[in-house]
2 protein chains.
Amino acid sequence: MFVSSTDELPTPPWSSLKGRKPARRPLSREAIVDAALAVVDAGGLAALNMRRLAEELDTGPASLYAHVSGKDELLQLLIDRVAAEVEVPAPDPERWQGQVKDFARELRARLSAHRDLAGASLANIPTGPHALLVIDGLLGILRAGGLPDQVVAYAADLLPQFITIDAYEGSLYAERMEREPDYFEEFRTYMRALPASRFPNIAALVEPMMGDDEDADDRFEFGLDLIVRGLASFAHR
Amino acid sequence: MFVSSTDELPTPPWSSLKGRKPARRPLSREAIVDAALAVVDAGGLAALNMRRLAEELDTGPASLYAHVSGKDELLQLLIDRVAAEVEVPAPDPERWQGQVKDFARELRARLSAHRDLAGASLANIPTGPHALLVIDGLLGILRAGGLPDQVVAYAADLLPQFITIDAYEGSLYAERMEREPDYFEEFRTYMRALPASRFPNIAALVEPMMGDDEDADDRFEFGLDLIVRGLASFAHR
DNA sequence: ACCTGAACACCGTTCAAGT
DNA sequence: ACCTGAACACCGTTCAAGT
């Protein structure tokens, strides 16, 4: 069979297509979500709007509504796309605590890879198929730990919530530092200057409170360890 | 001294003021924040915009900018107004764990009293004077528990985060139920219908996962207990 | 069935002009 | 100093009309 697509060869100079924009990828949910994720990766959630997204896809905003019911659904699809990237291991009863921690680090990393996208899953609780698979995987790890069903159920809410908010706050911090490189230093100075008479405990603890950059990871690990230790106290084996 | 203000008596029928709108309260940060909180209480964060807020104050949107730098600052002021209502007890070393829990319940209740306002403090970390006093109070309780400084510092981040996100999600749930009374029942049905072949753990745990209305409080208490137990394991006394 | 231009009904914020 | 009307530069979404 001869080449039947113009995609695979450069356009010859005599072609009437010469000088046109590259053939536009036909619109589809897939293509829209791909483009939306690219916009978020480049400029965060604030940069994502239907008009700009349409522009990215070489069309008008109205055209998007044939494939997506609106911006809310688009955000849900974005979240589920990211959830699809999360790898959840098969439960190993011997090391369920380590697996819970690895799960938390994995989800945090996947969310943090897309700026403040985590914020979108705070407003709309994710119920897409991939998100549900992630939850199912987490439930599996927790059950293998021999925890009571109600504890497993609560923990499967609590952990993703903790992870998501941490990723979100982290992204806001990163964004802030991008726009205002010395914001954090100014804030630290402000906190150090608070009068000890009215804020005795802040005054006493400014330094441990205002950590450096690596501190964000430490704080996450601290919270994670706290939760897992608490869960372990419920294990009946 | 004679009455010098028209505010204290009904307008007499011969007054030229008769039939006018009641004398407008002069604009001020206070008045603007009051009105904004009333708008949020009535319709949530989504209902709060500068134009509608101006209307509420019988003026144009541009007038607000003489007292408030913009919507971001307004939200910060709103959060700090709510923080001012939070009561923090003086530390009692004997019952620091109970005090931490009482603190958490108090902050949650204050936030939950204003619809989804908690969401505003997720995007912008509160640094207003009253918010800092609240943090200082929490630090005091934790220090009285004999916890290491770094643990105290991390916990003072983690706890408000946990409380705020819980209040926020709770408000979103409440709002959803207001608009779509049988949303939750539909969602429960959907979860029950998930194929056990692909979602074995969800299938096994739908019931503990999909609690009733009081479940929200139970889940909060569970998370709170988990955190406090974890903290207690660091106490050196 | 899919796409489009144009419009509708909103937003936050600015700015020159008024008092 | 404080307030205002009017405009600027955006938004999400709809809808009649096209192919």
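Bear in mind that the values here come from a model prediction, so they are computed numbers and not experimental data. Residue numbers begin at 1 in each chain, while the letters A, B, ... track the order of the sequences.
Distance noted for atom P between D:dA9 and C:dA9: 22 Å (whole Å).
At the heavy-atom level, B:Ala62 lies under 4.0 Å from base atoms of the strands shown.
Remark: P of D:dC10 and NZ of B:Lys71 are 18 Å apart, rounded to the nearest angstrom. Rounded to a whole Å, the CZ atom of A:Arg29 is 12 Å from the P atom of C:dC2. Rounded to whole Å, atom C1' of D:dT4 lies 13 Å from atom NE2 of B:His67. Across the protein-nucleic acid pair, B:Glu73 atom CD and C:dT13 atom C1' stand 14 Å apart, rounded to whole Å. A straight line from CG of A:Leu57 to P of C:dT4 spans 11 Å, rounded to a whole angstrom. The nearest whole Å value for the distance from the CD1 atom in A:Ile32 to the P atom in D:dT13 is 13 Å. Atom CG of A:Asn49 and atom C1' of C:dC11 are 12 Å apart (whole Å). For the pair A:Leu64 CG and C:dC2 C1', the computed distance is 13 Å after rounding to whole Å.
No salt bridge links B:Asp136 with A:Arg198; every basic N to acidic carboxylate O contact stays at or beyond 4.0 Å.
Positionally, the nearest nucleotide of DNA chain D for B:Gly60 lies more toward the 5' end than for the other of A:Arg51 and B:Gly60.
A 3.5 Å limit on both hydrogen-bonding distances identifies no Watson-Crick or G-U partner for C:dC10. Remark: D:dA17 base-pairs with no nucleotide; criterion is Watson-Crick or G-U wobble with both hydrogen-bond distances under 3.5 Å.
Picking from D:dG12, C:dG12, C:dC3 the nucleotide with the shortest atom distance to the side chain of A:Met50 gives D:dG12. Among the nucleotides D:dC15, C:dT14, D:dT13, the one closest to any side-chain atom of B:Tyr65 is C:dT14.
Looking only at side-chain heavy atoms (C-beta outward), A:Phe220 and A:Arg105 come within less than 4.5 Å of each other.
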Can you check side chain to side chain contact (heavy atoms under 4.5 Å, CB included) on B:Leu74 and B:Leu53, steps first, answer last?
CA-CA 11 Å; B:Leu74 177 60; B:Leu53 180 56; 3.5 Å; yes
Any chance you could lay out the salt bridge (Lys or Arg N to Asp or Glu O under 4.0 Å) test for A:Arg192 and A:Glu207, step after step, and finish with the verdict?
CA-CA 8 Å; A:Arg192 282 195 181 122; A:Glu207 301 311 326; 2.8 Å; yes
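Distances shown here put a side-chain N or O of A:Ser63 below 4.0 Å from the OP1 or OP2 atom of C:dT4.
The cationic group of A:Arg176 lies under 6.0 Å from the six-membered ring centre of A:Tyr183 and within 45° of the ring axis, placing it in a cation-pi geometry.
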